[in-house]
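Following: one structure in structure tokens, then a few remarks.
Whatever order the structure lists ligands and atoms in, that order sets their numbers, starting from 1.
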Amino acid sequence: MTHHSLFLLLILSLISSFYLIQAQQPYARKITTDCGNTDNTTSALGYTCNGVNSTCQAYLIFRSKPPYNTVSSISGLLASNPSQLSQSNSVPADASFPTNTEVIVPVNCSCSGEYYQENSSYVVQNGDGPFVIANNTFQGLSTCQAIQNQNSVSTGNLFAGSRIIVPLRCACPTKNQFDGGVNYLLSYLIVTGDFVSTISTRFGVDTGSTLNANGLSMEDATIYPYTTLLVPLQNPPTNSQTRNPPPPPPSPSPPSSPPPSGKHKSWLYAVIGAVSAGTLVSIVSIVIFCVFFRKTKSKSDQSKSIAEPIVDSESFESYEKTTGLSVEESEEFLESLADIAKSLKVYAFEELQSATDDFSPKFWIKGSVYRGSINGSLAAIKKTNKDVAKEINLLNKISHFNLIKLSGVCFKEGYWYLVFEYAVNGSLTDWIYYSRSTTKILSWSERIQIALDVAMGLNYIHSFTNPPYVHKDIKTSNVLLDNDFRAKIANFSLAKSAEGQGSEFALTRHIVGTKGYMAPEYLENGYVSPKLDVYSFGILMLEIVTGEETAVATGAGKTLPEALAAILGDENPKEKLQDLIDPSLRGDYPLDLALVLARLIESCLRRDPASRPAMDDVVQILSNISSTSSDWEVQKKRVST
Ligand SMILES: *[C@@H]1O[C@H](CO)[C@@H](O)[C@H](O)[C@H]1NC(C)=O
Ligand SMILES: *[C@@H]1O[C@H](CO)[C@@H](O)[C@H](O)[C@H]1NC(C)=O
Ligand SMILES: *[C@@H]1O[C@H](CO)[C@@H](O)[C@H](O)[C@H]1NC(C)=O
Ligand SMILES: *[C@@H]1O[C@H](CO)[C@@H](O)[C@H](O)[C@H]1NC(C)=O
Ligand SMILES: *[C@@H]1O[C@H](CO)[C@@H](O)[C@H](O)[C@H]1NC(C)=O
């Protein structure tokens, strides 16, 4: 053996012994679903008795779910002490928890032979098997292997009504952890969208020490739902670290079940819009527009083949002269439109004139959009001579906090005027590119909230409208910010319904949109699918965290996405990532979360649309990053005071 290989061996053994000391317990990974597998190099049977003490106070996380949704039923199931449980969660002894609330369960953890566990006694129900008990009833706080091992049963001979012992997964700190200030181990139950870093940040723990506690590493930090992750804590967990169920989405679920009450009128209209009026509006508009545009058809056809069908104002005006469309006629049409779309108001042109001081430059926002004051409240008024029927049809169907709302229309002398909800802080473009913003720098948490808002808006049009829509033009100038810097998606003029495509993809000949934000499959082949928006959204997020525009190359001639890919491929992505993140944040962000976000962005920008996440996955991950960012914010304040 040469010196060289001896040296290598030495290093390797040093690393592995270091690893053994550091890796307190091996993570169970996916083995929990493989009941016949009792590989003792994983923690399938339980966490090894390797701690300083053979018994200790430990904590479990359980998510309330009827019938286990009260202090007494949860402490009964998990053999905890009810008064300690209510104390740990700061709730009264007779409290019940909303479904999906994270409940802190204090337990006495002790060594039973080889493994740490807490014995809970459980009466087998009809249809139970070891896996169902471990995974569904105990949510992963036990494993089928441990139940079988404990009760000497194999799958199949668990009889309803018999009482078994379910060993719950807990552990006591090792010498190493004790020396590092760890006093308790929390068995956290992983859900979809969790990352080791988001969980750690939430409990105020260094990600590295959580990884070590579970035998994971930065390179191999994949975790799975319904398994436990040990979180090493200095102090007992508190209910400020647990999570309440997410609030119900701002707009209710699919259009098939409209609530009967009159409270959700706008939703009801959306439903009507979706099933009947939508078609009616389209028919009415198509008929009218066919009649309107018959004369200009040949002209606009030329532009159609190269871009979106645009009726230029000249031809529109000339048409007006020839057909002599009267204001009365158009108003009749508008009334019929508003009749169908009950929430739409038809404005008299004079109203809009007085709202904008006759469209004076003072009220000009940008492009053909004006700010107006109607009955004391602000509105954005967009003047256009394009075919807005599709846009109105779509806007009529949607009602969501994160989508700019169309409140009314007006038609005058060949121009449509669309009256929109007004977003006081204007477009994201004005706030995000750091060289431009002077008044205020958006904080990390505000940026995450904005990204989450846009993701929720997109998820809504992808999944909750009928038919689903693709926005097709997501970019910073189409994201508007309200008074609280909450984001709303605007400009649905390019939005396309994915209806009647049969397959997931639609083909289009008209490539429209904004350079730099367009997905490769669209640029190259004209494929349209919701994954198009996912790509643009990836670019948008990249701009939000870097404060740079995608078109601008960063160093060595790399584009932003290339720079990101290079960083994530690096050995030390964290360090390099700091160079990419907006310098105006001055390092004031949780770097672990920034890395999670960077990975999310990278997945949105994948070349193959099928390997990009769907918008609802993105929402899930972002809401996780968002709430963890809030926790981080709170902890930061606590430390600084
Ligand atoms: C795992 O099981 C094998 C065989 O049963 C045994 O020889 C070995 O010592 C066990 N390892 C541990 C870490 O318990
Ligand atoms: C656990 O061990 C530590 C260190 O030996 C000791 O200080 C502590 O009191 C023990 N705790 C319990 C609950 O026995
Ligand atoms: C742990 O054991 C002690 C002593 O037996 C008991 O007083 C306490 O209630 C137990 N705690 C829990 C959470 O069960
Ligand atoms: C748990 O139950 C088993 C018997 O199934 C027993 O051997 C063990 O001592 C118990 N452990 C504790 C901590 O009570
Ligand atoms: C485990 O339980 C959860 C919650 O009840 C369930 O959604 C999931 O499908 C289960 N896992 C398997 C593999 O059955």
Side-chain angles (χ1 to χ4, degrees), residues 28-37 44-49 51 53-69 71-89 93 99-100 102-125 127-153 155 158 162-172 184-187 189-194 223-228 236-237 245 620:
R29 299 179 195 274
K30 274 188 153 164
I31 197 173
T32 53
T33 56
D34 184 5
C35 296
N37 189 344
L45 291 173
Y47 292 119
T48 317
C49 286
N53 306 7
S54 64
T55 80
C56 66
Q57 169 86 72
Y59 296 90
L60 316 174
I61 290 289
F62 183 80
R63 290 192 179 76
S64 64
K65 182 177 166 189
Y68 307 108
N69 59 344
V71 169
S72 64
S73 60
I74 294 173
S75 49
L77 180 72
L78 301 175
S80 180
N81 177 315
S83 69
Q84 284 177 22
L85 192 145
S86 65
Q87 246 173 35
S88 288
N89 294 281
T99 299
N100 256 332
E102 285 181 355
V103 180
I104 300 166
V105 183
V107 294
N108 285 327
C109 186
S110 50
C111 269
S112 299
E114 266 181 86
Y115 304 106
Y116 278 119
Q117 67 190 46
E118 193 228 3
N119 285 346
S120 79
S121 153
Y122 175 76
V123 176
V124 177
Q125 314 282 306
D128 269 351
F131 180 77
V132 172
I133 296 172
N135 174 72
N136 298 52
T137 307
F138 286 85
Q139 302 178 1
L141 286 174
S142 188
T143 61
C144 46
Q145 291 93 339
I147 292 176
Q148 285 164 358
N149 189 40
Q150 188 78 70
N151 299 281
S152 321
V153 294
T155 325
L158 283 181
S162 61
R163 190 169 276 279
I164 60 166
I165 283 180
V166 176
L168 302 179
R169 298 167 67 76
C170 59
C172 301
Y184 308 97
L185 289 169
L186 170 81
S187 302
L189 271 178
I190 295 160
V191 289
T192 315
D194 273 341
I223 52 178
Y224 304 90
Y226 310 109
T227 61
T228 54
Q620 207 159 34

Notebook entry, point to check: Within a strict 4.5 Å, meaning less than it, do heavy atoms of the Val124 and Ile164 side chains meet?
Noted result: yes
Next item on the list: Establish, for the pair Arg169 and Tyr116, whether the NZ or CZ atom is under 6.0 angstrom from the six-membered ring centre and no further than 45 degrees off its axis.
Entry: no
Check: Who passes side-chain hydrogen bond (donor to acceptor under 3.5 Å, both in side chains) against Thr192, sequence neighbours left out?
Finding: none
Note to self: List ligand 4 atoms under 4.0 Å from Ile165, heavy atoms only on the residue side.
What the structure shows: 2 (O), 5 (O)
Notebook entry, point to check: Against heavy atoms of Gln84, which atoms of ligand 3 measure under 4.0 Å?
Noted result: 8 (C), 9 (O), 11 (N), 12 (C), 13 (C)
Notebook entry, point to check: For ligand 4, is there an N or O atom under 3.5 Å from any N or O atom of Ser112?
Noted result: yes
Margin query: Going by the rule ring-ring contact (aromatic ring centres under 6.0 Å, His included), which residues pair with Tyr68 if we only count those two or more places apart in sequence or in a different chain?
Written below: none
Margin query: It should be assessed whether the SG atoms of Cys172 and Cys56 lie less than 2.5 angstrom apart.
Written below: yes
Item checked: Whether Asn151 side chain and Gln148 backbone form a donor-acceptor pair below 3.5 Å -> no
Checklist line | Partners meeting ring-ring contact (aromatic ring centres under 6.0 Å, His included) with Tyr184 (sequence neighbours left out) | finding: Tyr59
Note to self: Under a 4.0 angstrom heavy-atom cut-off, which atoms of ligand 3 come close to Pro106?
What the structure shows: 13 (C)
Item checked: Min N/O separation Gln150 to ligand 4 under 3.5 Å -> yes
Next item on the list: Can you sort out which atoms of ligand 4 are near Ser110, meaning under 4.0 Å from one of its heavy atoms?
Entry: 13 (C)
Check: Do Tyr122 and Phe138 have ring centroids that are under 6.0 Å from one another?
Finding: yes
Margin query: Below the 3.5 angstrom mark, is there an N/O of Gln57, backbone or side chain, next to an N/O of ligand 3?
Written below: no
Notebook entry, point to check: Do Asn89 and Gln87 have side-chain atoms, one donor and one acceptor, less than 3.5 Å apart?
Noted result: no
Report each N/O pair between ligand 5 and the protein that falls under 3.5 Å, naming both atoms.
| from | atom 1 | to | atom 2 | distance (Å) |
| --- | --- | --- | --- | --- |
| ligand 5 | 2 (O) | Asn135 | OD1 | 3.4 |
| ligand 5 | 2 (O) | Asn135 | ND2 | 2.3 |
| ligand 5 | 7 (O) | Tyr226 | OH | 3.3 |
| ligand 5 | 11 (N) | Asn135 | ND2 | 3.0 |

